[in-house]
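Comments concern the structure below.
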Protein chains: 2
Amino acid sequence: MSSNDRFESREFKVVGTRPLRPDGLDKVTGKAQFGADVTAPGMLHGAILRSPHAHAIIKKIDTKQAEKLEGVHAVVTRTDFAKDVDNTDVLDNCMAGEKALYDGHAVAAVAATSPSVARKAMKLIKVTYKVLPAVTDVDMAMGADAPILHDGMQTEGLEKKSRKPTNIAQRHEFGHGDVDAGFKQADLIVERSFTTEATHQGYIEPHACLANLGRDGRGELWCCTQGHYYVRELCADLLGLDESQLRVTASEIGGGFGGKTTVFIEPVALALARKSGRPVKIVMSRNEVFRASGPTSSSSIDVKIGVKNDGTITAAFADLRYQGGAYPGSPVEFGAMSAFACYNLENVKTIGWDVVANRPKQAAYRAPGAPMAAFAIESVVDEIAGKLRMDPIDLRLKNAAAAGTKASFGPVYSDIGLIRTLEAAKNHPHYSAPLGPNQGRGIACGFWFNFGGQTSVSLTVNADGTVGVAVGTPDIGGSRASISQMVAEELGIEYSQVRALIADTATLGFNDVTDGSRVTFATGLAAIEAARNAAKIMCERAAKTWGIPSDAVVWEDGHAKPVSSNAGDFEPLSLKDIAASAANTGGPIAGHYEINADGAGVSFSTHIADVEMDPETGRAEIKRYTVFQDAGKAIHPSYVEGQFQGGAVQGIGWALNEEYIYNKDGQLQNAGFLDYRIPVASDLPMIDAVILEVPNPGHPYGVRGVGETSIVPPLATVANAISAAAGVRMTSIPMSPPKVLEALDSVLIAEAAE
Amino acid sequence: MSSNDRFESREFKVVGTRPLRPDGLDKVTGKAQFGADVTAPGMLHGAILRSPHAHAIIKKIDTKQAEKLEGVHAVVTRTDFAKDVDNTDVLDNCMAGEKALYDGHAVAAVAATSPSVARKAMKLIKVTYKVLPAVTDVDMAMGADAPILHDGMQTEGLEKKSRKPTNIAQRHEFGHGDVDAGFKQADLIVERSFTTEATHQGYIEPHACLANLGRDGRGELWCCTQGHYYVRELCADLLGLDESQLRVTASEIGGGFGGKTTVFIEPVALALARKSGRPVKIVMSRNEVFRASGPTSSSSIDVKIGVKNDGTITAAFADLRYQGGAYPGSPVEFGAMSAFACYNLENVKTIGWDVVANRPKQAAYRAPGAPMAAFAIESVVDEIAGKLRMDPIDLRLKNAAAAGTKASFGPVYSDIGLIRTLEAAKNHPHYSAPLGPNQGRGIACGFWFNFGGQTSVSLTVNADGTVGVAVGTPDIGGSRASISQMVAEELGIEYSQVRALIADTATLGFNDVTDGSRVTFATGLAAIEAARNAAKIMCERAAKTWGIPSDAVVWEDGHAKPVSSNAGDFEPLSLKDIAASAANTGGPIAGHYEINADGAGVSFSTHIADVEMDPETGRAEIKRYTVFQDAGKAIHPSYVEGQFQGGAVQGIGWALNEEYIYNKDGQLQNAGFLDYRIPVASDLPMIDAVILEVPNPGHPYGVRGVGETSIVPPLATVANAISAAAGVRMTSIPMSPPKVLEALDSVLIAEAAE
């Protein structure tokens, strides 16, 4: 079956309703167990010693004094990990090898009977550094005279290799047509440069884990993560273990947004546990979270777009430079792929440069790489609309991608929802509402790929007629509810009869990480198929009970029924009936499904923002904000709205205030929520969320992922609104009051000079 | 497929070897987490107030003062449980209703911030009792003037009902032929009466659990149990929850032997957690374990056997009376079924009486009900051998059950191993070894049914080529090793590549309790089938890779191979190869299997004991002991030997020393290991274990359960050895020094009087 013909048009009973969230009581009463909430007898507390230098050779680590301290059970350094690993960069990032590459880079770790003893021991570890010059800016890191992080680094994807080492890890190129020819056809060309600063996912819960590992190579790990199977894979590699010997359990998770898709402290805790022979807990401080977990990339982007006077885009080009921290792997590839994904273009080209710099290795952050690209492209499109005196929605509608469009990153779209979001925005009262003084309105569009991936679901029908669903994708956005709804829908039972739970790595087949907006799509798909497999078994049990062939029984409305009156005149058997007699009809009833799911269905969004500028301070206040996004099918509309709102809020924070601030030596200056300003409830109006539903052909119910697209438009939406309100085009994110004030002043100075 | 044609004769590579136990390091280093080892933030400590009276009406419980005590978060009594439950007796036993029915019966419980506050609070609970006369002896409880425990009790299975309430809950009858006619054909009839005292399973780990339960009905329970699915079923019933909403995780278990197959403290901890809104831990003291968990029954048995002079048994009859504690459900049915199961009899009848008394509700204890019956029957058979001057093994061989024998409890045996054990015993050097002064040798046979039951197994093939096996049967006797061996055997990989783990109730389909010696048989069967399902998928993946039909690929020696050279010339793909590319060939690879397994295969054993009597003290010392038992197929011979040895040791303890001692008011006098004497290593010789293998037709490898049969013969074996050594036939268990001395004295007195 092609993934494009999975969709089945149908009426829903449970899907589309808004039942209470199953984890609600646990979370508000403190019953939910997060990463730091688990303990074990004899447990030690781990602490990690981190480099104060952004770039330094580690000449020597003397742990003797620390080891002698009463209460210290183990000190580990790089030598306590496996020698020959597949994921070298991950290991280097978790525990420095020959060099410390950023402020906060782990260089040693201690396990002791209390956190205070561990802290004391850290002070007794003597590290001899040779400090090197550091670079944290992406453009400077690309410069010919930049300090080089990795001596042997060459640029992958570059035809001509240089002998000289570089900080440019990779070059990516996407597109089709002939952009040079396209620009020649243009009546108007706008070319601009933009920068964005690194931001952190800002999850409430710091990384935390509890590790136990015997010298026989058998271990258990409890941690807050978006993907415990991937944690298992990485830790098994870094510690030299068999995957089957390491059981990883995902705790309840206090936010991830992509930042908990890899490991930081987990391999360290395991190494300490193995060495000490004791369970070891490590909990990051907020300072450590900022300095040494994975923020997203900062970026520097050039955009050039050519249009006809009627608004038709003739050519589009972008050059994107993202720093990914100390190791390769910035999301510039996604940036370059998604940059022009909203447009139907004949001539398009994007080039992406993956650059290393003396910063923590970046991690995914909600639609990784896309918001920066959209900021640049959607700002230029807005400027073009202004120059052509076209409505910005009309300009986008004129060039909008639709079914059949060849996307700039390769594939041809099937049914997509971009035009629906633009039309809905245009027709929404928000778009025509009057504006007050110093107010302006901006719009922008956003795109995200959405992913499917490897997924396993097991479902059990309990003797009392209730159903348990074991999934392997940690619930970061309400998936326990949405999966339960889909299972209840398939089995024809009440939502309250189903409980979905997260299985550990030992009790369920492999699952990719909860990321890429994949869970409601892929885990949902697998859960639906697992439910259908269970329904099939229930039909077989009914057939056995009635003494008729299995294929003469169908599952309908929560009952096994004879397929027709010819098959026999039997009273339909409910799930509860069949469950109660399962022991006598063959044993436990279960349904399983494993898949590497494709057909996730791309996602589009249009946002409208109204801002009011304070001309005295340069502060932009969001007065009204509306999100229009295609959900394919909203399983639990409240959660979908929550995703729309949450993405918008994170994007607004990124647009206006959030940023990593480094000093000239590469030391982070604002590693805490007091100095790194995320928006709080009082900073924002209620975000309006408008759900549109263009079914995804790749899912039986039409589901598309909704978690990421919503963070893509806000940077540009807010910038465009500021431009409309204040007449200044901001090209540098964050658009914090001092920067906006400076831009306003320069306009005033320019005007005064005229 | 009939369960009788599952056996496949084959050569083994992994099965039959003795790899290191996977839980060894965890247990010796303290890493293993037992029932009391888990904590949760905000956790409270629960304590249970217990009746000091063996029989009393609870007139009033005043909890007000206790609730007012600082640090007390909840006090529960019977009113805090569900009103309308299916398992009334279980609820009554966990928390008394109108009456306390035994010394130690729970009447209220407290959750407080510390164990000491909880103890203080218990003293503040005022219970007003009306004390009633109590009865603890089974024959007295059956008497016409006995105190009645349950006003409405009538005897089930009795044709003529009396209007008068009774303590006899049930009557069972088994057998065939005409025993009266059979006794008429006999040349010799021996008729004797026997009693046995209650014994406790004596597991090292007291019951312990940690419960969490929200007012939304969603909860988690961690506990040491032999069957967490049954714990879930009972707790859901007693608390009024849906099964899917209660996730039960089985901790590592420090012994069970049948005693952890039900609930005692778990529903109480859940009730306290629900009321307090906090996690609650309860850990039983050893005193509580003795007074208020489930020991086995005490019994009173009459046996009558008639034989021809050539040793042929013409008729056999037994009347068995077991007290099961305060509620119905003694294992007398199993006693009556198993009593004559070793013999091929034309005329046989057994009657079993299930009796309630003012003692804790009994729980299963290793081959529940069988050791007492075997004590009685095998003692009489021994006496007959003596009277006929026949070798006791020859007498048994003459009457031994074999394939085709109609068992006294109904079915006709297929291949069984009794004769093999008798012949092995007869030919073993032990049987002909010389005896010293005051020494005697006894033999006896034993039988156990073995069970199959509901079982679910899920198996996952990890990307690195290792395999995880999730089973739902807590490992009390080495099943993680034996299951891993069977999976490794099927998949053709190393044992070290497989890790079997116990899944919680939310992540795997239903599993019956780890009891009835069912796990290596049933979970093994399901694991083999799950492995075969995974192998089938791996063949499909190989076929896909090669572009040939699935049925052209077979799994052999750990590789997918073309079924013949006609199918194509392809290099076989190993499990590791296929695992590594799983994502690209369809996603995660798993194997699942659910079954209600039948065909467990009955089990037989013959034991030889040499004892030396101390004529001064009456103490019997075991000098040598050998167990001969049919294992069907020994998957991990060391564990099988361990089961043989463990059963023998527990049986020897039961035979010689262990007993519940009640005073006239029904209060237990020896609730601790100082006064309840279990054998320790220095009390015993090394037990020799001889494994015989008569394949069970119901299992692919021929496996039979081995855990229980080994406790059946020791009571009679030791009694017969004492009879041989000292010339006294002991008819009352335990054969403790004072009782043996008394018997010896009475012989001396009788001889002196002659």
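In the text below, chain A, chain B and the rest are named by the order of the sequence lines, each starting its count at 1.
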Between CD of A:E220 and CG of B:D26, what distance do you get to the nearest 0.5 Å?
6.0 Å
Check: A:Q33 and B:P41 side chains under 4.5 Å, non-hydrogen atoms:
yes
Atom group of B:V498 that falls short of 4.5 Å from chain A, counting heavy atoms
backbone
I'd like to know which of A:A470, A:S456, A:A583, A:P279 tops the heavy-atom pair count under 4.5 Å against chain B.
A:A583
Which heavy atom of A:A503 sits nearest a heavy atom of B:R247, and at what distance?
CA-NH2, 4.2 Å
Check whether A:S458 gets within reach of chain B through its side chain, its backbone, both or neither, counting any heavy atom under 4.5 Å.
side chain
What residue in A:G453, A:G217, A:P22, A:G277 has the most heavy-atom pairs under 4.5 Å with chain B?
A:P22
Portion of B:I537 that has a non-hydrogen atom of chain A nearer than 4.5 angstrom:
neither
Please say whether more than 12 non-hydrogen atoms of neighbouring residues, nucleotides or ligands are located less than 6.0 Å from NZ in A:K576.
no
Nearest-0.5 Å distance that lies between atom CG in B:L459 and atom OG in A:S244
10.5 Å
OG1 on A:T507 to CD1 on B:I502, rounded to 0.5 Å:
11.5 Å
Here the gap from A:H592 atom NE2 to B:E594 atom CD, rounded to the nearest 0.5 Å, amounts to 3.5 Å
B:T585, part contacting chain A, at a heavy-atom distance under 4.5 Å:
neither
Could you tell me which of A:N596, A:N584, A:T455, A:L508 has the largest number of non-hydrogen atom pairs under 4.5 Å with chain B?
A:N596
The side-chain contact (heavy atoms from CB on, under 4.5 Å) partner of B:T39 among A:D37, A:V38, A:T39 is A:T39
Given a strict heavy-atom distance threshold of 4.5 Å, which part of B:Q497 is in contact with chain A: side chain, backbone, both, or neither?
both
Side-chain contact test, heavy atoms from C-beta onward, threshold under 4.5 Å: evaluate it for A:L25 versus B:R218 and give yes or no.
no
Count the heavy-atom pairs under 4.5 Å between each of A:G586, A:A36, A:S496, A:G509 and chain B, then report the option with the highest count.
A:G586
Pair count under 4.5 Å, heavy atoms only, with chain A: among B:T29, B:I589, B:L213, highest is B:L213
Contact winner vs chain A - B:G219, B:G30, B:G42, B:G465, heavy-atom pairs under 4.5 Å
B:G219
Check: B:E243 main-chain N/O paired with A:D464 side-chain donor or acceptor under 3.5 Å:
yes
Tell me if the NZ atom of B:K275 is crowded by more than 12 foreign heavy atoms within 6.0 Å.
yes
Show the nearest heavy-atom pair for residues B:I595 and A:P588, with the distance to one decimal.
O-CD, 3.5 Å
Where do B:K31 and A:N212 come nearest, in terms of heavy atoms and distance?
CD-OD1, 3.0 Å
If I measure from the heavy atoms of chain A, does B:R232 come under 4.5 Å with its side chain, its backbone, both, or neither?
side chain
If I take atom OG1 from residue B:T505 and atom CG from residue A:N462, how far apart are they, to the nearest 0.5 angstrom?
8.0 Å
Of all of A:V461, A:T460, A:T466, which one pairs up most often with chain B through heavy atoms under 4.5 Å apart?
A:T466
Separation of A:L501 CG from B:D504 CG (nearest 0.5 Å)
7.5 Å
May I ask you to name which of A:G468, A:A597, A:A506 has the most heavy-atom pairs under 4.5 Å with chain B?
A:A506
